[in-house]
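See structure below.
Side-chain atoms are counted along with the backbone in the values below, which use heavy atoms only and exclude waters and symmetry mates.
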Amino acid sequence: MTSTPATAQSAGDAAVEPATGRPAGTPAPRPADSAAASAPAAASVTGAATDAADAADAAGRRLHAPVNDWFDEHARDLPWRRPEAGAWGVMVSEFMLQQTPVNRVVPVYEQWLARWPRPADLAAEPSGEAVRAWGRLGYPRRALRLHAAASAIRERHGGDVPREHAQLLALPGVGEYTAAAVASFAYGQRHAVLDTNVRRVFARAVTGRQYPPNATTAAERKLARALLPEDEATAAKWAAATMELGALVCTARSPECVRCPVAAQCAWRLAGSPEHEGPPRRVQTYAGTDRQVRGKLLDVLREAVAPVPQARLDAVWHEPIQRARALDGLVADGLVEPLPDGLYRLPLT
DNA sequence: AACACGTGGTG
DNA sequence: TCACCAAGTGT
């Protein structure tokens, strides 16, 4: 078997690799493409309805080259950006990175890809093994969905991560963001990739607000599409670059504007960096919730090599009603398999 | 639309 | 300390 399944799958597509990064130690390429190739389509109609599009065109032309050039210089050498990661590596990383910081993902990602280098390798194992290998990344349903996605890839796509956005979107655990991310990062396609980093960068640089709305809006999607460079390879780099800018410089708490390649044209700064207005972003509570209990229960089962008696699980939480509800929920979600005689384990299915 | 869903780092 | 935050998805 090859160690680069998805790369082999797309071997004929020369435009794929450079989208999201470069090999470590490689001098940053400085293609002369940025300015010329990234000019968005000109607005074709006059009138007020096109003002927003015109503004986005203008903003895009000013932002594409500096942001993409900054990325060439400062992109992190993350394992899923290396060519050998392939589409499967990109997909695994995207699942793990959902709501989870990069530095916690890296070691789990490395072990995962070493153990399951292709989707079929994961699909061949019980889903409980995926849950166990997920470790303490959090939201373990993602592990279950990644396992289910691997099975679907084996059954429906001959073992290769599909290239089509619609086919990616149909996979378990793949939503709008992840479908666009895989299509863009793994296959170099032109898609608006709108994650929390990109939303914040656009909110500041273009819309002039400190933070984006609580939930993604149609206006944000429209803006993201309008800002997307025309050229496919430039668009793919732009997707990764805007995300990286949000992750490294234009951060939520304390943006480092002195290091920002577009600080001089940032709408939020030009407006005087006004404080956020509107409804505060809801803080998700955790202590005392079912989620915390589920976490404790699953922690016991992850560490166990044999089925665990109910009494071991009862020890993790004092309140019996909530404890039972949490365990029932885990079983209902397919994260835990109940056995006769009050024994429990991670699923073997 | 609002809520559930883990875990750990940080200012 | 504790609220906030981290490459979202499914219902």
Side-chain angles (χ1 to χ4, degrees), chain A residues 20-21 75-76 78-81 85 89-109 131 134-146 148-149 168-186 191-201 210-218 220 224 239-248 250-256 276 279-302 316 322 325-326 328-330 332-335:
Chain A
T20 61
R76 290 168 291 179
L78 300 170
W80 44 87
R81 286 179 175 164
V90 171
M91 189 170 145
V92 169
S93 76
E94 291 304 335
F95 269 75
M96 292 182 172
L97 287 163
Q98 292 169 6
Q99 301 283 282
T100 307
V102 164
N103 46 20
R104 284 179 41 211
V105 164
V106 170
V108 183
Y109 170 90
V131 174
W134 198 255
R136 302 186 64 80
L137 281 184
Y139 292 143
R141 290 191 295 193
R142 291 181 291 166
L144 226 43
R145 292 178 181 142
L146 181 53
L168 289 163
L169 194 56
L171 297 172
V174 176
E176 184 62 38
Y177 161 75
T178 301
V182 172
S184 181
F185 302 158
H191 289 283
V193 179
L194 204 51
D195 80 323
T196 187
N197 289 306
V198 177
R199 294 180 62 219
R200 188 174 55 249
V201 167
Q210 187 179 22
Y211 296 117
N214 280 335
T216 305
T217 63
E220 286 182 277
T242 47
M243 205 180 291
E244 190 79 337
L245 187 63
L248 297 183
C250 193
T251 58
R253 295 257 205 125
S254 50
E256 294 188 69
H276 178 72
R281 290 107 67 92
R282 273 191 318 282
V283 185
Q284 55 171 0
T285 56
Y286 180 66
T289 63
D290 286 4
R291 247 183 328 169
Q292 185 181 21
V293 184
R294 288 166 58 109
K296 289 177 177 296
L297 292 170
L298 213 50
D299 191 33
V300 171
L301 295 170
R302 270 197 308 262
V316 307
Q322 187 178 30
R325 186 173 63 232
D328 286 350
L330 288 170
D333 287 348
L335 283 162

Using a 4.0 Å heavy-atom cut-off across all strands, classify A/Leu298 as base, sugar-phosphate, or nothing.
nothing

Would you say that A/Thr216 contacts A/Glu176 through its side chain, given a criterion of any heavy-atom pair below 4.5 Å between the two side chains?
no

Each nucleotide in nucleotides 5-11 of chain C should get exactly one letter: B, S or -. Can you fill that in based on protein heavy atoms under 4.0 Å?
SBBBSS-

First and last nt of DNA chain B near chain A, cut-off under 4.0 Å to heavy atoms, 5' to 3', are B/dC3 to B/dG11

Ionic contact status for A/Asp299 with A/Arg302, cut-off 4.0 Å:
yes

Tell me what A/Phe95 touches on the nucleic acid: a base, only sugar-phosphate, or nothing, going by heavy atoms under 4.0 Å.
nothing

Is there side-chain contact between A/Leu245 and A/Thr242, with at least one heavy-atom pair below 4.5 Å?
no

Over all heavy atoms of both residues, which pair between A/Arg142 and A/Gly138 is shortest? Give the atoms and the distance, please.
NH2-O, 2.6 Å

When you match A/Ala215 and A/Gly138 each to their closest nucleotide on DNA chain B, which lands nearer the 5' end?
A/Ala215

Restricting to ring pair (Phe, Tyr, Trp, His ring centres under 6.0 Å), what partner residues turn up for A/Tyr177, sequence neighbours left out?
none

Need one value for A/Asp333: base, sugar-phosphate or nothing, where a base atom within 4.0 Å counts as base even if backbone is also close, heavy atoms only.
nothing

Nearest-nucleotide wise, let me know which of A/Ser254 and A/Gln292 is further upstream toward the 5' end of DNA chain B.
A/Gln292

With a 4.5 Å limit on heavy-atom distance, are the side chains of A/Gln99 and A/Tyr139 in contact?
yes

Looking only at non-hydrogen atoms, find the nearest pair between A/Met243 and A/Asp195 and report the distance.
CG-OD2, 3.3 Å

Check: A/Thr251 and A/Glu256 side chains under 4.5 Å, non-hydrogen atoms
no

